[in-house]
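A quick write-up on the structure given underneath.
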There are 2 protein chains.
Amino acid sequence: MPDGELSRAAAVSGFPEWLPQERLVEQRWIDTIRRGFERYGYAPIETAAVETLDALTSKGETSKEVYTLHRLQADAKDTSDAKLGLHFDLTVPFARYAAQHFNDLDFPFKRYQIQKVWRGERPQEGRYREFVQCDIDVINPEQVPLHFDAEVARVAIELLTELGIGAFTMRLNNRKVLEGFYAGLGASDPLAVMRAMDKLDKIGADAVGALLRDELGLTGEQAQSCLDLAQVRGSDGSVAELVRKLGVTSELLEEGLAELAYVLDALAGLPEGTVVADLSIARGLDYYTGTVYETTLDEFPGFGSVCSGGRYQDLAGQFIRRSLPGVGISIGLTRIFAKLLAEGRIPVGAKTPTQVLVVVPGEDTLALAGEVGRALRARGVNTEVYHAADKIGKQLRYASRKAIPAVWFPPFRDGADHEVKDMASGEQAAADPATWTPVSE
Amino acid sequence: MPDGELSRAAAVSGFPEWLPQERLVEQRWIDTIRRGFERYGYAPIETAAVETLDALTSKGETSKEVYTLHRLQADAKDTSDAKLGLHFDLTVPFARYAAQHFNDLDFPFKRYQIQKVWRGERPQEGRYREFVQCDIDVINPEQVPLHFDAEVARVAIELLTELGIGAFTMRLNNRKVLEGFYAGLGASDPLAVMRAMDKLDKIGADAVGALLRDELGLTGEQAQSCLDLAQVRGSDGSVAELVRKLGVTSELLEEGLAELAYVLDALAGLPEGTVVADLSIARGLDYYTGTVYETTLDEFPGFGSVCSGGRYQDLAGQFIRRSLPGVGISIGLTRIFAKLLAEGRIPVGAKTPTQVLVVVPGEDTLALAGEVGRALRARGVNTEVYHAADKIGKQLRYASRKAIPAVWFPPFRDGADHEVKDMASGEQAAADPATWTPVSE
C-alpha cells in the first residue's frame, strides 16, 4: 500500500467477506440453490435475525454459542431488549415461525430459507461466526410421508451437482435402525450406545468397544455386533439384508430398515457413488428420529459435512401443543464456497455485472451514448455508459480492468455504424442497439 | 386457535416477518431492484452484519441506536467480542469495506448492497428494528463526475416505477445552493442556518424565522430571504433563474445552481412530476455536500422519505488517508413494502412457487408421476408431485389451498393422454410433459 494510504479498517475475524468478483459467483450459487428449491415447490420464508433468548435456548445444548444483543445506550429502566439474541441456525427460528403462524400455513408445509446465522465460536478453518445456511424442510401435523425423506435428499444432491463443487458423497442412515438394533441386541440404554458409537470417528473402534463394555455393560459379543453394524455400507435397498445377517431383530429395527430401503430405492438412478447407506452415521444426539443425512466432499473428507439433515418427530414442541414432525436438509453454503475459493477451485471472472461499456468519444456523443445505454438496458442488457468524454484508451482500460466483456462504439460521424468490440477476441463488428445481445458466459 | 394448540411463540416487536405468500412478493421486489442495479453495472457486495464498535461510532451521532453483541457464555478472560455491534446502515460498512479493500477495487467503483440493518429504536409505524436497505453508491478517489448524480437518481426512479408502488415524487436539492445562499446573504454560520431551516417541516415558518433572527443574528430581511428560498420549486434547469431572482450571489451558490441544473436536465424525459427541485430539502446535517435526494409516496406524504441519498465529499476518512468522494441513494425496501402491504396495495397470490401439481391417482401411477415431475423440472417448471396416492379430491384441495395454478393428471390407463387442469378457468386439456409451459402470471 503506497505511503499515506494506510487503512485502519479491518474485517472482524470469523466474519467472511468477498470482493465483488467473488460475490458475483456467490450470488449465482444462491440463485441456483433458490431456483432448485422452488423447482420442487418449496416456499420461501425469512425470519428475523433475532429471537428471544428463551426461544434460542429452549433446546439447551448450544446456548454458549449465542450472541446476545444489547442496546449501546439502553435506558436502565428499559429492560425490553435484555433478552434477545441472534439465531445460530434456521431450525429454531423455523420452529418458532411455524408455531406462531400455525393457523396461516397450509400443510404439508414445504419451506426454504436462505439466511445468515451467527455463532460466537472461536474462528478456525471451516468455522465462521457468520455464515449462510440454505435449508429446506417439510412439516405436517401428526405425520410426514416418507416420500419427502427421498425428496429433500434428491433436491440437495441435484443442487450440489449443479453448483459444480466436485465429487461428493451423501451418506444416509436411519436412527430407528440404530436404536432398534441396539435394543434388539439387549442394550438397556440404546441412546447411550448411540452416543458412544457416535465417537467412532474420533476415538476409534477399540476405545468405543471398551466404552460399550465397561460403561454400558454390553458383553464383548454385543459390543462387537455394534461395531459390525457400523461397518455396513450399501447403495440400495439390499443393504437391509446385510444388516439382517448380523442376526439381531426388533420391531423398530425392521421399521428403520424398511424406511432406509424405501429412501435408497427412491433415490435410485442418481450417479454411482453419490448416495450410500452408511450405518455408522448418527448425526448428533437427540433431535433426529429417522432418516439422517450427511455429505462430504470426496477430495476434502476431513473437512466435515457440508450438507446434513434428517427426520425429526417434533419440530416445535417448546412453542406449540401440536405434534409437528418433519424432515429437512441444510446446505452449508458459506463453508463450501469459502473452502473451494481458498482451494482455487472457483473460477472468478468479471468484477461487475456489466455486459457492455458504451464509450463516449467526445462531448458531442454524450447524448447518443446515453440513448444507446437506454436502448440496451430496455432489452435487459447490463450496460454502463462511460461517465465522461475522455480518451478512448482510458475508457478501454476501464473496461479491461473490470473484465467487461464488450465495448460499444457509437458512430463517430453521421451515417456510420455502431460497432461493438469483443474484449476477449479483440474483434470489432457493426451492431444495432435494437438487436445486439451479449455473448453469454 | 382450537383448544390445546396454544402457541407460546411470538415474533419480537419491531422485527417484521412475512407469510410465504408475502415473502414471495418481497423476493420479486428484491429481484427487480437487483436486476435494475445490475442493468446499470453496479457490482454486488455484501458486508458482515457486524462491525467493531469503533467503526460504528466513528461518526458519532447515531451511537445510541446500535445493538452491541455479547457471547452468552463469554469467558471473563476473553474480551475479544466485547466491542462488536450490528450495522445500523450500509454506509459505514461500505466505508470500512472500501478502505479495507482499496487496492483491490477498480474505480470509479459502483457498488450495490441489499442487506438487513438493525437499529435499537422504539418500534412505531414505519420504524423497524430490522429492515432491508437497497443502496447504490459510486465512489472514486479525488472526484466523482456529476454524471452519477443523475444516474443514481434515474436508477432509483426506474425501480420505484417498476415496483408499482403508486405515484411518488423525488425531491432534489443541492447543499452548495443552500450554504452558498446563506453565506452570500451574510450569515456568519451558514451550516447553523441550514440546521434551523431543516426544522421548517416540524415547527413552521414563523418559528424558524424567529430562530434565524433571535439565535443566529439574521436581520428580518435575511431571515425572509431564507424562507423565500425554501419556497422555490422547479422541474428543470430553469429553477436556477428563480433562485437568482432572490438577489443573493456567491461563488458556492453559482456552483450549486450549475450542478442542480445539470442533474435536472440530465433527468429530463422522466414522467411529469416524478422529479422536482425543492429548495427546502436539506437531508440531515453534516454528511452531504452537494446533490441531495428524498422521495415521498404521493398518497402518504406524512409517511416520510422512502428513498434518499446524496453526494458526499469523504466516505471513509475515519478509515483511510484517501479522499473518497461519492454519490449514492438508498431504497427503503422494508418501509415501502410493509406500508403498502398494510394499506392493502400489494396483491398477494400463491402461497408457493409451485406452477403445477402432479396428482397421483393410485399406487400404480407413483412412478409415472415422478417421471412427469422430473421432465417438467428439467425444463425449469416448478413442479410438485403429490406426496402419496390419495383421493383426487384431497389432492385438488391441496392445490387449491396453496393457490397452485395448474394440476397435472398422468394418464389413468395405457395410451390415454396426460391432461392439465387450469385451476382458475377449470378447463382441462391434453398436454405433453416435454413441451407444456405454465401460463405466466
Side-chain angles (χ1 to χ4, degrees), chain A residues 1 4-12 15 17 19-20 23-24 27 38-39 41 43-50 52 63-64 66-73 81 84 96 99-104 106 108 120 130 145 147-148 319-322 351-354 377 382 384 387-388 401-402, chain B residues 1 4-12 15 17 19-20 23-24 27 38-39 41 43-50 52 63-64 66-73 81 84 96 99-104 106 108 120 130 145 147-148 319-322 351-354 377 382 384 387-388 401-402:
Chain A
M1 192 175 276
E5 288 187 11
L6 248 176
S7 164
R8 285 182 286 121
V12 184
F15 292 83
E17 267 181 3
L19 290 170
R23 173 64 183 162
L24 279 162
Q27 258 189 348
E38 296 193 346
R39 217 152 51 210
I45 71 164
E46 188 161 84
T47 58
V50 164
T52 65
S63 58
K64 70 170 178 296
V66 173
Y67 275 122
T68 60
L69 290 190
H70 304 267
R71 288 197 298 137
L72 185 56
Q73 301 194 355
D81 296 329
L84 301 179
R96 191 264 312 148
Q100 184 184 337
H101 301 291
F102 184 82
N103 290 321
D104 292 316
D106 293 288
E130 173 178 79
H147 167 84
F148 293 113
F319 298 118
I320 190 170
R321 284 185 230 122
R322 284 297 296 253
K351 296 176 174 180
T352 160
T354 304
R377 285 185 204 111
N382 297 342
E384 272 187 79
H387 48 270
R401 273 189 287 122
K402 290 201 176 179
Chain B
M1 193 175 276
E5 288 187 11
L6 246 176
S7 164
R8 286 183 284 122
V12 183
F15 292 82
E17 267 180 2
L19 290 170
R23 172 64 184 162
L24 278 162
Q27 259 188 349
E38 296 193 347
R39 216 152 52 210
I45 71 163
E46 188 161 83
T47 58
V50 165
T52 64
S63 59
K64 69 170 179 293
V66 174
Y67 275 122
T68 59
L69 291 190
H70 305 265
R71 289 196 297 137
L72 186 55
Q73 302 193 354
D81 296 329
L84 301 179
R96 192 264 311 148
Q100 184 184 338
H101 301 291
F102 184 82
N103 290 321
D104 292 315
D106 293 289
E130 174 179 78
H147 168 83
F148 293 112
F319 299 118
I320 189 171
R321 283 186 231 120
R322 284 297 297 253
K351 295 176 174 181
T352 160
T354 303
R377 285 186 203 110
N382 297 341
E384 272 187 79
H387 48 270
R401 273 189 288 120
K402 290 202 176 178

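The chains referred to below are lettered A, B, ... by the order of the sequence lines, with proteins before strands, and numbering in each begins at 1.
- Highest contact tally toward chain A, considering only B:Leu19, B:Ile45, B:Thr354, is held by B:Leu19 [criterion: heavy-atom pairs under 4.5 Å].
- When the ring-ring contact (aromatic ring centres under 6.0 Å, His included) test is applied to A:His147, no partner is found at least two apart in sequence or on another chain.
- Among B:Leu24, B:Thr352, B:Thr52, B:Thr47, the residue making the largest number of heavy-atom pairs under 4.5 Å with chain A is B:Thr47.
- For a residue to count as touching a neighbouring chain, one of its non-hydrogen atoms must lie under 4.5 Å from one of that chain's; by this rule A:Pro44 touches chain B with backbone and side chain alike.
- Counting only distance, with no hydrogens or angles, the side chain of B:Arg71 and the backbone of A:Gly120 share a donor-acceptor pair below 3.5 Å.
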Worked check of ring pair (Phe, Tyr, Trp, His ring centres under 6.0 Å) between B:His387 and A:Phe148
CA-CA 7 Å; B:His387 48 270; A:Phe148 293 113; 5.4 Å; yes
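- Among B:Ala43, B:Ala388, B:Gly41, the residue making the largest number of heavy-atom pairs under 4.5 Å with chain A is B:Gly41.
- Contact check on A:Arg96 versus B:Glu17 returns a salt bridge, with a Lys/Arg side-chain nitrogen under 4.0 Å from an Asp/Glu carboxylate oxygen.
- A salt bridge does not link B:Lys402 to A:Asp106: none of the charged nitrogens lies less than 4.0 Å from a carboxylate oxygen.
- Both the backbone and the side chain of A:Val50 come within less than 4.5 Å of a heavy atom of chain B.
- Your options are A:Pro108, A:Pro353, A:Pro145, and the one with the most heavy-atom pairs under 4.5 Å with chain B is A:Pro353.
- Of the residues considered (B:Arg401, B:Glu384, B:Lys351, B:Arg377), B:Arg377 shows the highest number of contacts with chain A, using heavy-atom pairs under 4.5 Å.
- B:Glu46 is linked by a side chain to side chain contact (heavy atoms under 4.5 Å, CB included) to A:Arg23, A:Lys116, B:Gln115, counting only residues two or more places apart in sequence or in another chain.
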